[in-house]
Amino acid sequence: MGRPPRLVELLRRGYIPGKTLFYYRTRNDKEIDFVTRKGSKVEQLIQVCYDMSSQKTRKRELDALVEATEELHCNNLIVITNDQKEKYKWKGKEVTILKVSDF
């Protein structure tokens with residue numbers, strides 16, 4: 001079946017797993033799907049979620065990003081979805097929600 005398309009796109013952009021592309025788990029056990037890095041600086045935190053219309057799902061994904069931004073000192077927060085696109089404020093942080101086709 002191959003790698004999920006979102007990972008393939010990050011690999012195509014030149015990110016290298018374990019060197020410039022990572023999975024991250026916060027101190028409180030929240031998961032971040034992808035963390036990208038340029039040199040020693042964390043560049044972006046990326047969550048991937050098919051549909052963010054459920055408040056429970058939205059809260060889970062966005063709470064994880066906000067917690068990770070405090071730990072990793074990165075404010076470039078992205079959620080990739082199937083068909084949603086918007087800028088969203090969550091707990092004082094701006095999150096970019098992108099359609100997978102726009103990523």
Side-chain angles (χ1 to χ4, degrees):
M1 189 150 188
R3 295 176 186 212
R6 59 192 181 262
L7 176 56
V8 170
E9 177 59 23
L10 290 168
L11 296 174
R12 188 188 69 72
R13 292 180 185 189
Y15 293 102
I16 302 165
K19 294 188 185 282
T20 57
L21 179 66
F22 303 90
Y23 161 86
Y24 185 74
R25 187 179 296 270
T26 70
R27 290 182 202 119
N28 291 321
D29 213 31
K30 293 184 174 140
E31 298 177 358
I32 301 299
D33 296 323
F34 300 106
V35 174
T36 64
R37 190 176 76 191
K38 292 265 176 153
S40 62
K41 182 174 172 39
V42 173
E43 181 182 45
Q44 55 192 349
L45 307 178
I46 303 170
Q47 291 289 71
V48 179
C49 177
Y50 184 80
D51 180 15
M52 293 261 298
S53 60
S54 156
Q55 187 59 31
K56 180 180 175 184
T57 301
R58 185 174 289 256
K59 180 178 178 5
R60 179 188 69 233
E61 300 295 337
L62 298 179
D63 279 352
L65 281 172
V66 168
E67 188 169 310
T69 195
E70 301 299 327
E71 293 177 14
L72 298 174
H73 310 289
C74 176
N75 289 313
N76 187 4
L77 311 177
I78 300 169
V79 179
I80 300 170
T81 67
N82 183 53
D83 63 1
Q84 292 161 282
K85 183 177 181 176
E86 64 182 294
K87 293 279 188 184
Y88 197 81
K89 280 276 195 192
W90 187 260
K91 297 184 178 179
K93 301 292 182 183
E94 185 172 295
V95 180
T96 301
I97 301 172
L98 291 174
K99 294 180 191 180
V100 70
S101 61
D102 292 337
F103 182 73

Who pairs with Arg58 by salt bridge (Lys or Arg N to Asp or Glu O under 4.0 Å), at least two apart in sequence or on another chain? Glu86

At what distance, to the nearest 0.5 angstrom, does CD of Gln55 lie from CG of Leu62? 8.5 Å

Partners meeting side-chain hydrogen bond (donor to acceptor under 3.5 Å, both in side chains) with [X] (sequence neighbours left out):
X     : answer
Asp51 : Ser53
Tyr50 : Asn82
Glu67 : Thr26, Asn28, Lys30

Ignoring hydrogens and angles, write down the donor-acceptor pairs under 3.5 Å from the side chains of residues 39-46, residues two or more places apart or on other chains.
unit_1	atom_1	unit_2	atom_2	d
Glu43	OE1	Tyr15	OH	2.3
Glu43	OE1	Thr36	OG1	3.2
Gln44	NE2	Thr36	OG1	3.3

Does Tyr24 reach the side chain of Glu71, with side-chain heavy atoms less than 4.5 Å apart? yes

Sub-4.5 Å side-chain heavy-atom contact between Gln47 and Ile32: yes

[X], [Y]: one ILVMFWY side-chain cluster at the under-4.5 Å cut-off?
X     : Y     : value
Ile78 : Phe22 : no
Met52 : Leu65 : yes
Val35 : Val79 : yes

For residues 94-103, which side-chain N or O atoms pair as donor and acceptor with protein atoms under 3.5 Å away, sequence neighbours left out?
unit_1	atom_1	unit_2	atom_2	d
Thr96	OG1	Lys87	NZ	3.0
Asp102	OD2	Lys85	NZ	3.4

Does the pair Lys93/Glu70 count as a salt bridge with the N-to-O cut at 4.0 Å? yes

